[in-house]
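Read through the structure below, which is laid out as structure tokens, and then see the notes.
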Amino acid sequence: MEVQSVSTTPFDDQRPGTSGLRKKVRVLRQRHYLENFVQSVFDSIGDFRGRTLVVGGDGRYYNRQAIQTILKMAAANGFGKVLVGQGGILSTPAASCVIRKHQAHGGLILSASHNPGGPDEDFGIKYNIANGGPAPEAVTEKIFSRTRTIDRYLTVAADDVPLDVIGACALGEMQVEVIDPVADYAELMQSLFDFDAIRRLLADGFRMKFDAMHAVTGPYARVIIEGMLGAPQGTVMHGEPKEDFAGGHPDPNLTYAKDLVDIMFGEQAVDFGAASDGDGDRNMILGRNFFVTPSDSLAILAANAEQVPGYRDGIAGIARSMPTSAAADRVAAALGLDCYETPTGWKFFGNLMDAGKVTLCGEESFGTGSDHVREKDGLWAVLFWLNILAVRKQSVATIVREHWQRFGRNYYSRHDYEGVDADAAAAVLQRVRDQFGTLPGQQLAGRTVQHCDDFAYTDPVDGSVSENQGVRILFADGSRIIFRLSGTGTSGATIRLYLESYEPDVQKQGQDAQQALADMIAAADAISGLRELTGRDRPTVIT
Ligand code: G1P
Ligand code: ZN
């Protein structure tokens, strides 16, 4: 089979972040666009001749076509083998698992995470390196600069590879192996969690619902939760991956996972509810009539880790993103563990895990994970919770309340102002910055301001410095007000306001979070002029 060199022209594109390229399908479909990006990746990742590449995606619209393009280009560029998930499916954490287990050179993951899918919606592609994690900035910078000079890409003229049947075939000199997308991942989960205990829990009548949101975790949850763990059929909701996620927004939060939320807060509520996003790396945890904030979830997993086989020997440390509540810090302090506060974004955790400094990590934005892979992992978090529930034999709400009793409660909320004028958004943060000199020592919302800054982070492993990662007002009692601009929003600017107040008194831990934070919310507005400057009288989304 002959390698064809197709001449092309550099493409003017936005700088891909570490999360790769995320575009409207119609943009990616332009002539040579995907090919240019893929070739730019192949030209930037070192010598892979004869080595293995992992390919798979969340099953959204354009997944299959993109995979065929990638397979032919991988063959022409000299990869020895491609492992591709059956039907083109691999969740993001499963792709990370497969890369690591098969010692691949890296992998191409096709997904736009929790963004909607379909011909008029989003598609994405990112490259993960041999440790299973997203390519570091040095690599994405190389890829980006290659996109500005690229003048040819390599491909082979060949028929499409059948993706639906497990097995191997040849594509030119390269081997394509269609693998079971679930098997390696399920085996890893089984090595971490006490499946027997969870099976007994479910056999004893404990009932749960898992909402796959018509996205990639459906097949994983069916095999693991309904198959291996024996939960009744129907436990997995919306388990059939659809190219357009059935028109939904596959983001596991209280707004978008509405069907699950309606069940868990209604008369049919079951003991445990959970959901995951488009590509399977986010998670939401619910009890009967009870929402567990992702920040609390991380802290609770850490505090109970020794109940779980994979973490029985202890965890090395915990990392959380800066806006994530400090609940995990209190657990780390009690257990004598190091706790790292990183900027928002998963990439900062990878260095800490590779260096053996942390085992568990998480973000307030429904992302939790550990060093078993190098991505956040939705189903892993669900199984971790199930393992804890099986051991403790208490309800989700009781486990959370007992946690607050022991460590104190970090009341927490995030207010998002989406599609705000970019200048107005910048002005909001600047107004707070302008008061950095005068705020410390003042009383605000009944608390003393201790310190204000723009969060900066020096990576303890490679020494790299990340500045301007959020404007912070820190209080003497551990409460915090944080303003940050989203790095992932698509139209205009998104202001995220994060509010946290610490409550050690058990008698005062039972309030609604918005109520408990009302003074802080008012103070945040007064100081920043948020409503006045943006012309908004309320947030777009409250979590
Ligand atoms: C958001 C979340 C962040 C997460 C990222 C990618 O980024 O806040 O925690 O890592 O999506 O899933 P943001 O839009 O805030 O920059
Ligand atoms: Zn995702």
Side-chain angles (χ1 to χ4, degrees), residues 16-20 22 56-60 90-96 109-117 122-126 128 133-134 212-213 215-217 220 241 245 249-253 256-257 275-284 293-295 297-298 319-325 341-350 361-369 373-381 412-420 422 425 429 455 457 466 468-471 482-498 539-541 543:
T18 38
S19 53
R22 202 174 285 182
D58 62 11
R60 68 178 59 227
L90 275 179
S91 77
T92 295
S96 185
I109 303 177
L110 311 172
S111 166
S113 190
H114 47 282
N115 293 10
D122 290 355
F123 193 80
I125 173 168
K126 70 170 180 174
N128 279 27
M213 305 190 83
V216 79
T217 52
Y220 293 84
F245 309 119
H249 201 126
D251 202 0
N253 57 38
Y256 292 124
S276 190
D277 73 327
D279 63 329
D281 59 358
R282 292 187 173 192
N283 75 89
M284 177 170 71
T293 70
S295 297
S297 180
L298 172 65
R320 63 163 173 86
S321 68
M322 181 275 285
T324 303
S325 98
E341 183 177 41
T342 67
T344 295
W346 201 255
K347 64 181 175 179
F348 297 96
F349 297 142
C361 50
E363 294 191 284
E364 45 66 38
S365 53
F366 298 90
T368 329
V373 290
R374 290 295 181 277
E375 291 278 1
K376 53 195 172 218
D377 190 344
L379 258 179
W380 166 89
Y412 186 82
S413 184
R414 183 175 108 180
H415 290 197
D416 296 327
Y417 291 80
E418 293 174 358
V420 170
L429 270 68
F455 180 63
Y457 177 71
S466 309
N468 296 319
Q469 299 294 322
V471 166
I482 297 152
F483 296 86
R484 204 187 134 258
L485 298 183
S486 158
T488 62
T490 39
S491 55
T494 294
I495 303 175
R496 302 204 196 285
L497 166 61
Y498 308 86
T540 324
V541 181
T543 308

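Everything quoted here is computed from the prediction, not taken from an experiment. Start at 1 and go down the list; that is how both ligands and their atoms are numbered. What you see below is based on every heavy atom in this structure, not just the backbone, and it leaves out hydrogens, waters and symmetry mates. Along the sequence shown, residues are numbered consecutively beginning with 1.
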Are the side chain of [X] and the backbone of [Y] linked by a donor-acceptor contact shorter than 3.5 Å?
| X | Y | answer |
| --- | --- | --- |
| S295 | S325 | yes |
| T324 | E364 | yes |
| Y220 | S91 | yes |
| R60 | P116 | yes |
| D377 | A381 | no |
| E375 | D281 | no |
| R320 | M322 | yes |

### 4.0 Å heavy-atom contact, S113 with ligand 1
no
I'd like to check which ligand 1 atoms, numbered from 1 as shown, lie under 4.0 Å from a non-hydrogen atom of [X].
| X | result |
| --- | --- |
| R414 | 8 (O) |
| G345 | 10 (O) |
| G487 | 13 (P), 14 (O), 16 (O) |

Below the 3.5 angstrom mark, is there an N/O of [X], backbone or side chain, next to an N/O of ligand 1?
| X | result |
| --- | --- |
| L485 | no |
| H114 | no |
| R484 | yes |

### Task
Pick whichever of R282, R496, E363 has a heavy atom sitting closest to atom 11 (O) of ligand 1.
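Among R282, R496, E363, the closest heavy atom to atom 11 (O) of ligand 1 belongs to R282.
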### Message
Minimum distance, heavy atoms only, to atom 3 (C) of ligand 1: which one of T344, T494, D251 is it?
### Response
T344
With a 4.0 Å heavy-atom cut-off (strictly under), which part of [X] contacts ligand 1: side chain, backbone, both or neither?
| X | value |
| --- | --- |
| S365 | side chain |
| M322 | neither |
| E418 | neither |

### In the protein, N/O/S atoms that are found under 2.8 Å from the Zn ion (ligand 2), waters not counted
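Within the sphere that stays under 2.8 Å of the Zn ion (ligand 2), the protein atoms of type N, O or S are S113 OG, D277 OD2, D279 OD1, D281 OD1.
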### Message
Within this structure, what is the NZ-OG distance for the pair K126 and S111, rounded to the nearest 0.5 Å?
### Response
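So the NZ of K126 and the OG of S111 are separated by 8.0 Å.
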### Gap between atom CZ of F483 and atom CG of L429 - 0.5 Å precision
7.5 Å
### Y256 side chain reached by M213 side chain, heavy atoms, under 4.5 Å
yes
### Query
Under 3.5 Å, is there a donor-acceptor pair between the T368 and N283 side chains?
yes
### Query
Going by atom types only, do D58 and T92 share a side-chain donor-acceptor pair under 3.5 Å?
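Per modelled atom types, D58 and T92 side chains form no pair under 3.5 Å.
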